Every structure is written in structure tokens, then in C-alpha cells.
Enquirer: 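Below: one structure in C-alpha cells.
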Amino acid sequence: MKSFKTILVLLIISNLPNLAFGQHEKHNIDKEKIKAMKVSFITQKLDLSSEEAQKFWPVYNEFEKKNEALFMERKKIRKISKSEIELTDKQIETNINNEFNIKQKELNLEKEYFTKFKAVIPIKKIEQLYLAQDQFKRELLRKIKKGGANDANIPPPPNKPQH
């Protein structure tokens, strides 16, 4: 377990240059903090062995990067929709179809990475991953509604029930 903590620390430290040099806006810094909190949250929930962590995190980071690209694609479509005062019916239909296409890409990505996750961690931990992701989102939204998201505001996940 000690080597796993070392890996976690290395992952967090590897993101520090981005915080120091590549991110000038407060929004981006907060985004990096949230990513670090998410890594910590998921790490605690999955209780990965060192070997599992070494295999899992590169796959998960790749998944997150592709998921972020789809999010940006959706954001771009919505920005176009909002920038137009009067959209034609055809433009509205095109935008809705583009949203459907992105949702399909997201589903395809989930299915692809489900297969990849099965190759590196047990199926029970994949289920825990999905639950942890949802739980993290709910906690983050709850904390943001209360007044902000920072390290002190995000509580650790509750202890896993003992079987």
C-alpha cells in the first residue's frame, strides 16, 4: 500500500507544473484542484493495489482526456446555439442531431473503456469506479452550491461497508 501512495503522490506532483506555469486563470487552477480531488476520491474508493494502480491510471486518464474532448465539442455546439438570436428550424434540428451524435460518442467511449478497464482491474472495482464517479459529482455539486469547491470542502468518501 505504501508504494501505491507513492504513485498517487507522483501523479499529483506531475500536475504541479501545469498549475504553476500553464494555468493562469483561477478557473483553470480550480479545475486542476478538482481533478486532483477526484483522483484522491477514486483512489480511496477503489482501494487499488500498486499493480492495479499502475495499470488503471493510464487507462483512466486516457478515458478522461477523450471524455473532456467530447465535453468541449458539446460546449462548442451550445455556444453556437446561444450566439444566434434567431435560429432557423433547420439550424435547431442540426444542433439537436449534433447533441445526439455526441451522446452516442459518449456511450461508445464508455463501452470501449469498460472493456479496457476489465483488462486492468476486477469487475467489482469497475462497478465501484462508476459509483465513485457519480458520488464525487454529487458531492462536488453539493459543495459548490454551499459556497465553493476546495480541498477543505470536499469530504472523503464514506468508509466502505465491511462484508
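Only heavy atoms go into these numbers, but all of them, side chains included; no hydrogens, no water, no symmetry mates. Source: prediction; values computed, not measured.
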Enquirer: To the nearest 0.5 angstrom, please state how far the CZ atom of Arg74 sits from the CD1 atom of Ile77.
Expert: 8.0 Å

Enquirer: According to side-chain hydrogen bond (donor to acceptor under 3.5 Å, both in side chains), who are the partners of Glu112, at least two apart in sequence or on a separate chain?
Expert: Lys116

Enquirer: Kindly indicate whether the side chain of Gln135, heavy atoms from C-beta on, has any atom under 4.5 Å from the side chain of Leu131.
Expert: no

Enquirer: According to the interplanar angle, ranging from 0 to 90°, do the rings of Phe117 and Phe63 count as parallel (below 30°), tilted (30 to 60°) or perpendicular (above 60°)?
Expert: perpendicular

Enquirer: To the nearest 0.5 Å, what is the distance between CZ on Arg142 and CG on Leu140?
Expert: 10.5 Å

Enquirer: Quick one: do Glu139 and Lys143 make a salt bridge, cutoff under 4.0 Å?
Expert: no

Enquirer: Clusters formed by hydrophobic residues whose side-chain heavy atoms approach within less than 4.5 Å: which one holds Leu107, and what are its other members?
Expert: none

Enquirer: If you define the side chain from C-beta out and look only at heavy atoms, does anything of Lys118 sit under 4.5 Å from Ile123?
Expert: yes

Enquirer: Could you tell me the separation between the CD1 atom of Ile102 and the NZ atom of Lys75, rounded to the nearest 0.5 Å?
Expert: 13.0 Å

Enquirer: What's the shortest heavy-atom distance between Phe136 and Ile34, and which atoms?
Expert: CZ-O, 3.7 Å

Enquirer: Are Lys45 and Phe41 packed together at the side-chain level, in the sense that at least one heavy-atom pair is separated by less than 4.5 angstrom?
Expert: yes

Enquirer: Same hydrophobic cluster for Leu141 and Ile42, using side-chain heavy-atom links shorter than 4.5 Å among ILVMFWY?
Expert: no

Enquirer: Less than 3.5 Å apart, any donor N or O on the side chain of Gln133 or Lys38 sitting next to an acceptor on the other?
Expert: no

Enquirer: Determine the interplanar angle of the Tyr60 and Trp57 rings, folded into 0 to 90°, and report it as parallel if under 30°, tilted if 30 to 60°, perpendicular if over 60°.
Expert: perpendicular

Enquirer: For residues Glu64 and Tyr113, determine if any side-chain heavy atom of one lies less than 4.5 Å from a side-chain heavy atom of the other.
Expert: no

Enquirer: Considering non-hydrogen atoms only, spot the tightest contact between Pro58 and Ala53 and give its length.
Expert: CD-O, 4.1 Å

Enquirer: So which heavy atom on Pro122 is nearest to which on Glu52, and how close?
Expert: CD-OE2, 3.3 Å

Enquirer: Could you tell me which non-hydrogen atom of Leu129 sits nearest to which non-hydrogen atom of Leu46, and how far apart they are?
Expert: N-CD2, 3.3 Å

Enquirer: If I take atom CG from residue Leu87 and atom CD from residue Glu93, how far apart are they, to the nearest 0.5 angstrom?
Expert: 12.5 Å

Enquirer: Step by step, work out the salt bridge (charged side-chain N to carboxylate O under 4.0 Å, His left out) result for Glu51 and Lys55.
Expert: CA-CA 7 Å; Glu51 185 178 315; Lys55 292 176 183 176; 3.4 Å; yes

Enquirer: Search all heavy atoms of Leu109 against all heavy atoms of Asn67 and return the closest pair with its distance.
Expert: CD2-N, 3.6 Å

Enquirer: Assess whether atom CG of Asp89 is packed by more than 12 heavy atoms of other residues, nucleotides or ligands within 6.0 Å.
Expert: no

Enquirer: Measuring only between side-chain heavy atoms, which start at C-beta, is Thr43 closer than 4.5 Å to Leu48?
Expert: no

Enquirer: May I ask you to say whether Lys35 pairs ionically with Glu68, meaning some side-chain N is under 4.0 Å from a carboxylate O?
Expert: no

Enquirer: With a 4.5 Å cut-off on side-chain heavy atoms, are Thr94 and Asn98 touching?
Expert: yes

Enquirer: Will you find, in the side chains of Asn95 and Gln91, an N or O donor that is under 3.5 Å from an N or O acceptor?
Expert: no

Enquirer: Starting from Met72, walk the hydrophobic network (Ile, Leu, Val, Met, Phe, Trp, Tyr; side-chain heavy atoms closer than 4.5 Å) and list everyone else you reach, by chain and number.
Expert: Phe71

